[in-house]
*Asks:* 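Take a look at this one; I'll ask things after.
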Protein chains: 2
Amino acid sequence: MKKKRVSITDIAKALNVTPSTVSRALNGGGKVSEKKKQQIQALAKELGYRPNPIARSLVENKTQTIGLIIPEFTHHFYSRVLAGIESVTSKAGYQLLICTSNEKKRQEIKSFQTLLDARVDGILATVCKKNDEFGHLQEVLESETPLVLMDRICEEIETSYVISDDFEGAFQAVDFLLQTGCTQIIHIKGPKVLSTSFNRFMGYKEALRKHQIPYNEELIFEGNDPELPEKIRTYIKTNPVDGVFAYSDYLAFEAVNVLRNEGISIPDKVAIVGYADEPISTYVTPQLTSVNQRPFDMGSIAAGFLLNQIQDPNSPLEFKSLKTELVTRSSTKKNQLARSWE
Amino acid sequence: MKKKRVSITDIAKALNVTPSTVSRALNGGGKVSEKKKQQIQALAKELGYRPNPIARSLVENKTQTIGLIIPEFTHHFYSRVLAGIESVTSKAGYQLLICTSNEKKRQEIKSFQTLLDARVDGILATVCKKNDEFGHLQEVLESETPLVLMDRICEEIETSYVISDDFEGAFQAVDFLLQTGCTQIIHIKGPKVLSTSFNRFMGYKEALRKHQIPYNEELIFEGNDPELPEKIRTYIKTNPVDGVFAYSDYLAFEAVNVLRNEGISIPDKVAIVGYADEPISTYVTPQLTSVNQRPFDMGSIAAGFLLNQIQDPNSPLEFKSLKTELVTRSSTKKNQLARSWE
DNA sequence: CTGTTAGCGCATTCAA
DNA sequence: TTGAATGCGCTAACAG
């Protein structure tokens, strides 16, 4: 026998008033005599009354719910983004409806549909890797549901977004390698279709240009190549290499392994920089120099943008490119110009 | 101007029928002439009709939503639990309302309240570390909202749960250390109030007993002691130690660091086993032998239990203690009895 | 087979 | 200040 939840009508009956009055007394509605208001509020508390958000949603046409679409949570990065989001949405009284796409386009599309169906008040999303077509995002826009993209953007779609300054982050990293004396720097690239891959690659090139080091295509490796370790191993045996800039900490770690197996000392012979500053960077040996993307901030800022749009649908789109911070550890040589991340 | 969503009444009007008919035609209701059904379904599709789950929830008194409370997502473990949950809930057509407690009791209580308010059909939860009092769980039970606990249980509360067999997992680990010749095995304990800490500790003791090695209290260290590394360092300088069994991979890693700094070779002089088989265990050097808890299964099984209870509130409580699997890597010596995790 | 009526819990008119 | 009436979108019980 389900213990019936007490409704606004229950307490209205008990007090011989109408539900309207109770509603007004409980929300700030003002137009209720102080006496009744006190009475009603007291009884409500006593009975443990809890407003039914479902009913409220139905009449107010908003759900106090925000949808979140994220590729997955196994990367520390997204966990931090989530934490950042939650820190602001929970304070603002919003619930989070969370969907993961597992980097699959089909699931992503379905997730958007689900969230739209659920009538969320807004959507935060990081689109998945395979993203050549954006019809589903267009639909979101047409539904007039506020949307803020994080980390990865689609240029075809006009929406607010928060990204990390990948170009600058990569530039910082490679610039640092060059400053500490490296000249033959391998770059291990990220997934082809991602804007982040492209921007980091461009940052790499720009740093070379600044130091007038010629770009050498042979130094570029594809991160998703299953034979990556083997190819690096082969390459370094016959070519001079003194630095590695990887698209991710995980890829950097693969390079670490190859070098260690070959007995090449890090950072003396080859210095290595990863990307994302995941916890693993402090667990590997040597500890990995990496680019911190401030994922927590990414989440909190994106959530802020979204709340702005929800409050005022006519507010202008907002954009933010987060500055990165190079965290130097023992996989690179010392350089007084660099500050370590606090 | 918000593009109005088409409702059941819109399409009813357009076809000169009543909303009820439309409702019946769209749900399997049967009692509709084939012709009208076709017509209605066709128009619904054409107009892009999407049922409003809010309205449906209000009348059906269920939300097709499951609440999830997790301490946090930065541990890989919980990400996998989430993935397991989602794999079954999404198939069953349920949404996930996710709250994180950040291991804070206050937040946990608030999260339960939030989920109850949201009228979720059921709750999956891993309670936070500081959990001496369970009034809030009692409230959930009284509200008759199905509840399944994961990983950590409260003996005072009668509820379905899925846990990992911590006793057996620890036993396996320590038994393995003993089989490979260790006799002086340090145990680094987990948080005091957690059932998992206690059970792993008991498993450790049981393995010693099996091998008739006397229990030595000096070998027990507290994981949350900020001076842990220092204490271990001091101890091993004057006492024989040839093994470490840690409550977590992270704690195991602290031991690895101490040993490496002291120039003690792993696993030759001291073998080390962690717990949880987090990704870091493959990134540290040497790679860490660890106990895999099958978090994905934990999530999927818990979700299954919950769905059972939702479907039939009178179904009996269900319990599951997941078998663990010892994954041997290079931080321990070889032993043909052990199988590596696939 | 289909229309009518009612109601889920709440907020919000409009009268009184 | 308060009550009565209306509707949010949908399902379900009851008639016809």
Side-chain angles (χ1 to χ4, degrees), chain A residues 2-41 43-44 47-65 93 116-121 143-144, chain B residues 2-41 43-44 47-65 93 116-121 143-144:
Chain A
K2 205 142 198 161
K3 213 171 71 179
K4 238 184 48 196
R5 290 180 157 277
V6 0
S7 82
I8 219 174
T9 354
D10 293 332
I11 104 135
K13 276 181 196 152
L15 259 35
N16 259 331
V17 294
T18 61
S20 333
T21 312
V22 177
S23 173
R24 281 184 286 242
L26 260 24
N27 312 339
K31 285 105 185 300
V32 185
S33 71
E34 197 54 35
K35 189 180 143 202
K36 287 215 159 146
K37 189 188 248 175
Q38 300 276 324
Q39 247 185 88
I40 292 173
Q41 287 178 346
L43 186 62
L47 264 38
Y49 168 76
R50 305 248 89 206
N52 185 333
I54 313 278
R56 193 175 275 174
S57 294
L58 191 57
V59 32
E60 294 190 338
N61 205 32
K62 58 179 185 159
T63 54
Q64 289 290 112
T65 296
L116 253 25
D117 284 351
R119 268 67 170 177
V120 294
D121 295 339
S143 80
E144 312 229 352
Chain B
K2 205 142 199 163
K3 211 172 70 178
K4 238 184 46 196
R5 289 179 157 278
V6 0
S7 82
I8 217 173
T9 356
D10 295 332
I11 104 138
K13 275 181 197 151
L15 257 36
N16 258 331
V17 293
T18 61
S20 333
T21 311
V22 178
S23 173
R24 282 184 286 244
L26 260 22
N27 312 337
K31 287 106 185 302
V32 185
S33 71
E34 197 53 36
K35 188 180 145 201
K36 286 213 160 144
K37 190 188 246 174
Q38 301 276 324
Q39 247 185 87
I40 291 172
Q41 288 178 347
L43 185 60
L47 264 38
Y49 168 75
R50 303 250 89 204
N52 184 333
I54 312 277
R56 194 175 274 173
S57 294
L58 192 58
V59 31
E60 294 191 337
N61 204 34
K62 57 178 186 160
T63 53
Q64 288 290 111
T65 296
L116 253 25
D117 283 352
R119 268 67 171 179
V120 295
D121 294 340
S143 80
E144 312 228 352

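Note on naming: letters A, B, ... go to the chains in the order of the sequence lines (proteins, then strands), and numbering restarts at 1 for each one.
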*Asks:* Can you give one letter per nucleotide of nucleotides 8-16 of chain D, going 5' to 3': B for a protein heavy atom under 4.0 Å from the base, S for sugar-phosphate only, - for none?
*Replies:* BBBBBB---
*Asks:* Could you pull out all residues at least two apart from B:Pro53 that satisfy side chain to side chain contact (heavy atoms under 4.5 Å, CB included)?
*Replies:* A:Arg119
*Asks:* Does any pair with a residue in residues 6-15 of chain A pass salt bridge (Lys or Arg N to Asp or Glu O under 4.0 Å), and if so which ones, sequence neighbours excluded?
*Replies:* none
*Asks:* At less than 4.0 Å, is any side-chain N or O atom of B:Ser33 found next to OP1 or OP2 of C:dT2? Yes or no.
*Replies:* yes
*Asks:* Would you say B:Arg5 and A:Leu116 make side-chain contact, with heavy atoms under 4.5 Å?
*Replies:* yes
*Asks:* Using a heavy-atom cut-off of 4.0 Å across all strands, would you classify A:Asp10 as base, sugar-phosphate, or nothing?
*Replies:* nothing
*Asks:* B:Ile8 pairs by side chain to side chain contact (heavy atoms under 4.5 Å, CB included) with which of B:Val22, B:Thr21, B:Asn52?
*Replies:* B:Val22
*Asks:* For A:Asn16 and D:dG3, give me the distance from atom CG to atom P, rounded to whole Å.
*Replies:* 9 Å
*Asks:* Going by side chain to side chain contact (heavy atoms under 4.5 Å, CB included), name the residues that satisfy it together with A:Ser57, two or more places apart in sequence or in a different chain.
*Replies:* A:Thr63, B:Ile54
*Asks:* Take B:Asp117 and A:Arg50, measure what salt bridge (charged side-chain N to carboxylate O under 4.0 Å, His left out) needs, and give me the verdict at the end.
*Replies:* CA-CA 7 Å; B:Asp117 283 352; A:Arg50 305 248 89 206; 2.4 Å; yes
*Asks:* With rounding to the nearest 0.5 angstrom, report the OG to CZ distance, B:Ser23 to B:Arg56.
*Replies:* 7.5 Å
*Asks:* In whole angstrom, what separates A:Lys13's NZ from D:dT2's P?
*Replies:* 20 Å
*Asks:* Looking at A:Lys36, does any N or O in its side chain come under 4.0 Å of the phosphate oxygens OP1/OP2 on D:dT2?
*Replies:* yes
*Asks:* Report the end-to-end axis angle of the helix from C:dC1-D:dG16 to C:dA16-D:dT1; each axis comes from five terminal pairs, and the value is rounded to 10°.
*Replies:* 50°
*Asks:* My understanding is that only residues two or more places apart in sequence, or in another chain, count here; which of them pass side chain to side chain donor-acceptor pair (under 3.5 Å) with A:Gln38?
*Replies:* A:Glu34
